[in-house]
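For reference, the structure is listed below as C-alpha coordinates.
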Amino acid sequence: MQFRIATWNINSVRLRLPLVERFVAEFAPDVLCLQEIKCREEDFPLAALQQLGFSFIEVNGQAGYHGVATLSRIPMTRMSSKRFCGADHARHLATALTAPDSGGVVIHNVYIPSGGDIPDPGLNPKFEQKLVYLGRIAEWFARPENRSERMIILGDFNVAPLENDVWSHKQLLTVVSHTPVEVEHLEGLRAAAGWVDPVRLHIPPTEKLYTWWSYRSKDWRASNRGRRLDHIWTTPSLAPHVHRVTVADAARDWPQPSDHVPVIADIAIP
DNA sequence: ATGGTGGTCCTACCA
(Lines give C-alpha, C1' and ligand atoms only; values in the text may rest on other atoms or scores of the structure.)
Protein backbone atom coordinates (compact mmCIF):
# COMPACT_ATOMS: atom_id res chain seq x y z
CA MET A 1 0.00 0.00 0.00
CA GLN A 2 1.16 3.46 -0.85
CA PHE A 3 -0.01 6.69 0.73
CA ARG A 4 0.79 10.37 0.78
CA ILE A 5 1.10 12.09 4.16
CA ALA A 6 1.40 15.84 4.67
CA THR A 7 1.97 18.27 7.54
CA TRP A 8 0.90 21.90 7.51
CA ASN A 9 0.79 24.59 10.16
CA ILE A 10 -2.42 26.19 8.91
CA ASN A 11 -2.61 29.16 11.35
CA SER A 12 -6.40 28.98 11.84
CA VAL A 13 -8.22 26.16 10.05
CA ARG A 14 -11.48 28.11 9.99
CA LEU A 15 -10.00 31.18 8.30
CA ARG A 16 -7.98 29.11 5.84
CA LEU A 17 -10.46 26.35 5.01
CA PRO A 18 -10.36 27.42 1.31
CA LEU A 19 -6.59 26.90 1.33
CA VAL A 20 -6.97 23.43 2.78
CA GLU A 21 -9.48 22.66 0.03
CA ARG A 22 -7.07 23.93 -2.61
CA PHE A 23 -4.18 21.96 -1.16
CA VAL A 24 -6.21 18.76 -1.15
CA ALA A 25 -7.39 19.37 -4.72
CA GLU A 26 -3.86 20.01 -6.00
CA PHE A 27 -1.81 17.58 -3.90
CA ALA A 28 -4.27 14.82 -2.90
CA PRO A 29 -2.83 13.83 0.48
CA ASP A 30 -4.25 10.64 2.00
CA VAL A 31 -3.33 11.80 5.50
CA LEU A 32 -3.18 15.49 6.41
CA CYS A 33 -1.81 16.65 9.76
CA LEU A 34 -2.66 20.23 10.68
CA GLN A 35 -1.22 22.38 13.45
CA GLU A 36 -2.37 25.70 14.90
CA ILE A 37 -5.98 25.01 14.06
CA LYS A 38 -6.86 27.64 16.70
CA CYS A 39 -10.28 26.26 17.57
CA ARG A 40 -12.07 23.93 19.91
CA GLU A 41 -13.19 20.51 18.69
CA GLU A 42 -16.79 21.71 18.53
CA ASP A 43 -15.81 24.60 16.23
CA PHE A 44 -13.72 22.48 13.86
CA PRO A 45 -15.09 22.51 10.26
CA LEU A 46 -15.68 18.77 10.34
CA ALA A 47 -18.35 18.46 7.65
CA ALA A 48 -16.42 20.52 5.10
CA LEU A 49 -13.32 18.39 5.57
CA GLN A 50 -15.25 15.14 5.51
CA GLN A 51 -16.60 16.28 2.15
CA LEU A 52 -13.03 16.38 0.85
CA GLY A 53 -12.87 12.63 1.40
CA PHE A 54 -11.43 12.48 4.90
CA SER A 55 -13.73 9.98 6.55
CA PHE A 56 -11.44 9.70 9.57
CA ILE A 57 -10.76 12.91 11.47
CA GLU A 58 -9.33 13.35 14.96
CA VAL A 59 -9.01 16.74 16.63
CA ASN A 60 -7.19 17.97 19.73
CA GLY A 61 -8.20 21.60 19.98
CA GLN A 62 -8.58 24.54 22.35
CA ALA A 63 -10.02 28.03 22.00
CA GLY A 64 -7.85 30.56 20.18
CA TYR A 65 -4.41 28.99 20.34
CA HIS A 66 -2.48 25.91 19.24
CA GLY A 67 -4.51 22.80 18.42
CA VAL A 68 -3.81 19.90 16.06
CA ALA A 69 -5.94 17.71 13.80
CA THR A 70 -5.22 14.57 11.78
CA LEU A 71 -7.38 13.84 8.73
CA SER A 72 -7.28 10.57 6.81
CA ARG A 73 -8.90 8.84 3.86
CA ILE A 74 -7.45 5.59 5.21
CA PRO A 75 -9.14 3.98 8.22
CA MET A 76 -7.54 5.47 11.33
CA THR A 77 -8.20 5.45 15.07
CA ARG A 78 -7.24 7.82 17.86
CA MET A 79 -4.63 6.65 20.33
CA SER A 80 -3.79 9.54 22.67
CA SER A 81 -3.20 13.26 23.08
CA LYS A 82 -0.38 13.94 25.54
CA ARG A 83 0.54 17.15 27.34
CA PHE A 84 4.29 16.87 27.32
CA CYS A 85 5.09 20.23 28.92
CA GLY A 86 2.46 20.20 31.66
CA ALA A 87 0.75 23.31 30.34
CA ASP A 88 -2.86 22.91 29.29
CA HIS A 89 -2.01 23.17 25.59
CA ALA A 90 -3.38 21.08 22.71
CA ARG A 91 -0.13 20.23 20.95
CA HIS A 92 -0.12 16.48 20.29
CA LEU A 93 -2.29 13.81 18.77
CA ALA A 94 -1.39 10.17 18.19
CA THR A 95 -3.42 8.08 15.75
CA ALA A 96 -2.91 4.74 14.02
CA LEU A 97 -3.79 3.59 10.53
CA THR A 98 -5.93 0.49 10.85
CA ALA A 99 -6.44 -0.73 7.27
CA PRO A 100 -4.95 -4.25 6.95
CA ASP A 101 -2.41 -3.21 4.30
CA SER A 102 -1.44 0.07 5.99
CA GLY A 103 1.09 -1.58 8.25
CA GLY A 104 -0.46 -0.24 11.45
CA VAL A 105 1.54 2.95 11.08
CA VAL A 106 1.35 5.19 14.16
CA ILE A 107 1.26 8.92 13.46
CA HIS A 108 2.34 11.51 16.03
CA ASN A 109 1.15 14.96 15.01
CA VAL A 110 2.94 17.59 17.13
CA TYR A 111 3.10 21.34 17.54
CA ILE A 112 6.21 22.04 19.61
CA PRO A 113 6.17 25.34 21.55
CA SER A 114 7.58 28.28 19.63
CA GLY A 115 9.66 29.49 22.56
CA GLY A 116 9.19 33.26 22.58
CA ASP A 117 11.87 35.77 21.68
CA ILE A 118 14.69 35.48 24.23
CA PRO A 119 16.75 32.27 24.00
CA ASP A 120 17.42 32.05 27.73
CA PRO A 121 15.33 29.68 29.88
CA GLY A 122 16.15 31.75 32.97
CA LEU A 123 14.73 34.94 31.49
CA ASN A 124 12.01 33.58 29.24
CA PRO A 125 9.48 31.03 30.57
CA LYS A 126 8.34 30.24 27.02
CA PHE A 127 11.84 29.18 26.04
CA GLU A 128 12.10 27.08 29.19
CA GLN A 129 8.76 25.48 28.32
CA LYS A 130 10.03 24.64 24.83
CA LEU A 131 13.11 22.90 26.22
CA VAL A 132 11.00 21.07 28.81
CA TYR A 133 8.60 19.95 26.09
CA LEU A 134 11.44 18.58 23.96
CA GLY A 135 12.97 16.86 26.99
CA ARG A 136 9.71 15.24 28.07
CA ILE A 137 8.69 14.05 24.62
CA ALA A 138 12.16 12.53 24.23
CA GLU A 139 11.77 10.75 27.59
CA TRP A 140 8.40 9.45 26.48
CA PHE A 141 9.75 8.00 23.24
CA ALA A 142 12.73 6.53 25.08
CA ARG A 143 10.34 4.12 26.82
CA PRO A 144 9.93 0.94 24.73
CA GLU A 145 6.20 0.67 25.51
CA ASN A 146 5.64 3.94 23.65
CA ARG A 147 7.40 2.84 20.48
CA SER A 148 6.52 0.56 17.62
CA GLU A 149 8.19 -0.59 14.41
CA ARG A 150 6.36 1.76 12.07
CA MET A 151 5.94 5.28 13.37
CA ILE A 152 5.88 8.76 11.90
CA ILE A 153 6.34 11.95 13.91
CA LEU A 154 5.58 15.11 12.03
CA GLY A 155 4.46 18.67 12.51
CA ASP A 156 5.71 22.12 13.38
CA PHE A 157 8.78 21.37 15.49
CA ASN A 158 9.69 25.09 15.68
CA VAL A 159 13.37 24.13 15.37
CA ALA A 160 15.52 24.40 12.26
CA PRO A 161 18.36 22.03 13.15
CA LEU A 162 20.78 22.17 10.22
CA GLU A 163 22.88 25.03 8.91
CA ASN A 164 20.98 24.99 5.62
CA ASP A 165 17.64 24.87 7.40
CA VAL A 166 17.97 28.64 7.88
CA TRP A 167 18.88 31.51 5.58
CA SER A 168 21.88 32.48 7.70
CA HIS A 169 23.33 29.97 10.14
CA LYS A 170 25.63 32.57 11.64
CA GLN A 171 22.96 35.23 12.10
CA LEU A 172 20.41 32.83 13.55
CA LEU A 173 22.63 31.12 16.12
CA THR A 174 21.17 33.44 18.76
CA VAL A 175 17.64 33.48 17.34
CA VAL A 176 15.01 31.17 18.85
CA SER A 177 14.47 28.18 16.50
CA HIS A 178 18.15 27.71 15.60
CA THR A 179 20.09 28.06 18.90
CA PRO A 180 22.48 25.25 19.80
CA VAL A 181 20.53 24.32 22.95
CA GLU A 182 17.33 23.81 20.96
CA VAL A 183 19.14 21.82 18.29
CA GLU A 184 20.63 19.62 21.05
CA HIS A 185 17.20 19.06 22.58
CA LEU A 186 15.72 18.18 19.19
CA GLU A 187 18.59 15.76 18.65
CA GLY A 188 17.63 14.20 22.00
CA LEU A 189 14.14 13.59 20.65
CA ARG A 190 15.54 12.20 17.40
CA ALA A 191 17.85 9.80 19.22
CA ALA A 192 15.14 8.65 21.66
CA ALA A 193 13.40 6.56 19.00
CA GLY A 194 16.15 6.55 16.38
CA TRP A 195 14.05 8.82 14.17
CA VAL A 196 15.22 9.34 10.60
CA ASP A 197 14.66 12.54 8.60
CA PRO A 198 13.76 11.25 5.13
CA VAL A 199 13.32 14.79 3.82
CA ARG A 200 17.06 15.30 4.13
CA LEU A 201 17.72 11.90 2.53
CA HIS A 202 15.98 13.22 -0.58
CA ILE A 203 17.09 16.84 -0.43
CA PRO A 204 20.73 16.84 0.70
CA PRO A 205 21.81 18.96 3.71
CA THR A 206 24.03 20.98 1.38
CA GLU A 207 20.89 22.58 -0.12
CA LYS A 208 18.95 25.36 1.55
CA LEU A 209 15.45 24.19 2.44
CA TYR A 210 12.71 26.18 4.20
CA THR A 211 9.10 25.59 5.16
CA TRP A 212 8.34 28.92 6.86
CA TRP A 213 8.74 32.54 5.86
CA SER A 214 7.78 35.40 8.19
CA TYR A 215 4.76 37.54 7.46
CA ARG A 216 6.98 40.52 8.23
CA SER A 217 8.62 40.80 4.87
CA LYS A 218 7.35 42.60 1.81
CA ASP A 219 8.43 39.96 -0.68
CA TRP A 220 9.05 36.60 1.01
CA ARG A 221 10.45 34.98 -2.13
CA ALA A 222 12.81 37.84 -2.99
CA SER A 223 14.25 38.17 0.51
CA ASN A 224 13.95 34.37 1.07
CA ARG A 225 14.78 34.57 4.76
CA GLY A 226 13.15 31.25 5.52
CA ARG A 227 13.56 28.50 8.06
CA ARG A 228 12.79 24.75 7.98
CA LEU A 229 10.57 24.44 11.04
CA ASP A 230 8.20 21.72 9.77
CA HIS A 231 9.39 18.15 9.69
CA ILE A 232 8.42 14.59 8.86
CA TRP A 233 10.44 11.89 10.60
CA THR A 234 9.99 8.14 10.46
CA THR A 235 11.30 5.10 12.28
CA PRO A 236 14.32 3.50 10.57
CA SER A 237 12.39 0.62 9.01
CA LEU A 238 10.00 3.03 7.30
CA ALA A 239 12.57 5.56 6.06
CA PRO A 240 13.75 3.58 2.99
CA HIS A 241 10.14 3.38 1.83
CA VAL A 242 9.70 7.14 1.66
CA HIS A 243 10.15 7.45 -2.09
CA ARG A 244 9.38 11.11 -2.59
CA VAL A 245 9.24 14.34 -0.57
CA THR A 246 7.76 17.67 -1.56
CA VAL A 247 7.74 21.11 0.02
CA ALA A 248 4.67 22.85 -1.40
CA ASP A 249 6.14 26.34 -1.29
CA ALA A 250 3.64 27.59 -3.89
CA ALA A 251 1.13 27.67 -1.04
CA ARG A 252 2.99 30.63 0.47
CA ASP A 253 1.64 32.72 -2.43
CA TRP A 254 -1.96 31.61 -2.20
CA PRO A 255 -4.43 34.28 -1.05
CA GLN A 256 -4.27 35.02 2.68
CA PRO A 257 -1.59 32.37 3.21
CA SER A 258 -0.28 30.65 6.30
CA ASP A 259 3.32 31.61 7.07
CA HIS A 260 4.12 27.85 6.87
CA VAL A 261 3.85 25.67 3.75
CA PRO A 262 2.93 21.97 3.55
CA VAL A 263 5.59 19.25 3.66
CA ILE A 264 4.65 16.01 1.93
CA ALA A 265 6.04 12.47 2.01
CA ASP A 266 5.02 9.60 -0.29
CA ILE A 267 5.42 6.28 1.47
CA ALA A 268 5.06 2.73 0.13
CA ILE A 269 4.33 0.36 3.01
CA PRO A 270 6.30 -2.87 2.54
C1' DA B 1 19.00 49.14 15.46
C1' DT B 2 14.38 48.76 14.87
C1' DG B 3 10.10 47.34 13.33
C1' DG B 4 8.10 44.96 10.26
C1' DT B 5 2.56 41.18 9.88
C1' DG B 6 -1.14 38.29 11.16
C1' DG B 7 -4.90 35.40 14.16
C1' DT B 8 -7.98 35.23 18.12
C1' DC B 9 -11.55 37.44 20.18
C1' DC B 10 -12.18 42.40 22.94
C1' DT B 11 -7.84 43.25 25.28
C1' DA B 12 -3.83 41.59 25.23
C1' DC B 13 -1.56 37.47 23.97
C1' DC B 14 0.62 34.53 20.82
C1' DA B 15 3.30 33.42 16.75
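Per chain, numbering begins at 1; letters A, B, ... match sequence-line order.
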Which part of the nucleic acid does [X] contact within heavy-atom distance under 4.0 Å: base, sugar-phosphate only, or nothing?
{"X": "A:K126", "result": "sugar-phosphate"}
{"X": "A:R16", "result": "sugar-phosphate"}
{"X": "A:R14", "result": "sugar-phosphate"}
{"X": "A:R91", "result": "sugar-phosphate"}

Distance between the [atom1] atoms of [N] and [M], in whole angstroms?
{"N": "B:dG4", "M": "B:dA15", "atom1": "C1'", "answer": "14 Å"}
{"N": "B:dG3", "M": "B:dG7", "atom1": "P", "answer": "22 Å"}
{"N": "B:dT5", "M": "B:dC9", "atom1": "P", "answer": "23 Å"}
{"N": "B:dC10", "M": "B:dG6", "atom1": "P", "answer": "22 Å"}
{"N": "B:dT2", "M": "B:dC13", "atom1": "P", "answer": "22 Å"}

- request: Could you grab the distance from atom OG1 of A:T70 to atom CG of A:N109, nearest 0.5 Å is fine?
  value: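 Answer rounded to 0.5 Å: 4.0 Å.
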
- request: Rounded to the nearest 0.5 Å, what's the gap from CG on A:D156 to OH on A:Y111? Could you check?
  value: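 If I round to the nearest 0.5 Å, the distance is 6.0 Å.
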
Measure from the side chain of [X], starting at C-beta and using heavy atoms only, and say which of [options] lies closest.
{"X": "A:Y215", "options": "B:dA15, B:dG6, B:dG7", "value": "B:dG6"}
{"X": "A:E36", "options": "B:dC9, B:dA15, B:dG7", "value": "B:dA15"}
{"X": "A:R216", "options": "B:dC14, B:dG4, B:dT8", "value": "B:dG4"}

- request: Would you sort out whether A:Y133 and A:H89 count as a ring-ring contact (aromatic ring centres under 6.0 Å, His included), showing the intermediate values?
  value: CA-CA 11 Å; A:Y133 193 99; A:H89 292 172; 9.0 Å; no

message: Using Watson-Crick or G-U wobble geometry with both distances under 3.5 Å, which nucleotide pairs with B:dG4?
response: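 Paired with no nucleotide.
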
Nearest-angstrom distance from the residue atom [atom1] of [X] to [atom2] of [N]:
{"X": "A:R252", "N": "B:dG6", "atom1": "CZ", "atom2": "C1'", "value": "10 Å"}
{"X": "A:H89", "N": "B:dC14", "atom1": "NE2", "atom2": "P", "value": "8 Å"}
{"X": "A:L15", "N": "B:dT5", "atom1": "CG", "atom2": "P", "value": "18 Å"}
{"X": "A:D156", "N": "B:dC14", "atom1": "CG", "atom2": "P", "value": "17 Å"}
{"X": "A:Y65", "N": "B:dT11", "atom1": "OH", "atom2": "C1'", "value": "9 Å"}
{"X": "A:Y111", "N": "B:dG7", "atom1": "OH", "atom2": "P", "value": "14 Å"}

Evaluation steps, side-chain contact (heavy atoms from CB on, under 4.5 Å), between A:R200 and A:R228: CA-CA 11 Å; A:R200 278 310 194 181; A:R228 186 169 73 112; 3.3 Å; yes

message: Need to verify one output field. Residue with the more 5' nearest nucleotide on DNA chain B, A:Q256 or A:S114?
response: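 It is A:Q256 whose nearest nucleotide is closer to the 5' end.
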
- prompt: Hey, which of these two, A:K38 or A:P113, hits DNA chain B nearer its 5' end, going by closest nucleotide?
  reply: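 Counting from the 5' end, the first nearest nucleotide belongs to A:K38.
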
Cation-aromatic face contact A:R73/A:F54, 6.0 Å, 45 degrees: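 Judged by the rule, A:R73 and A:F54 form a cation-pi pair.
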
- prompt: OP1 or OP2 of B:dT8 sitting under 4.0 Å from any side-chain N/O of A:S12?
  reply: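 Yes.
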
task: Assess the pair A:H231 and A:W195: is the distance between their ring centroids shorter than 6.0 Å?
output: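 Distance test on ring centres: not under 6.0 Å, no.
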
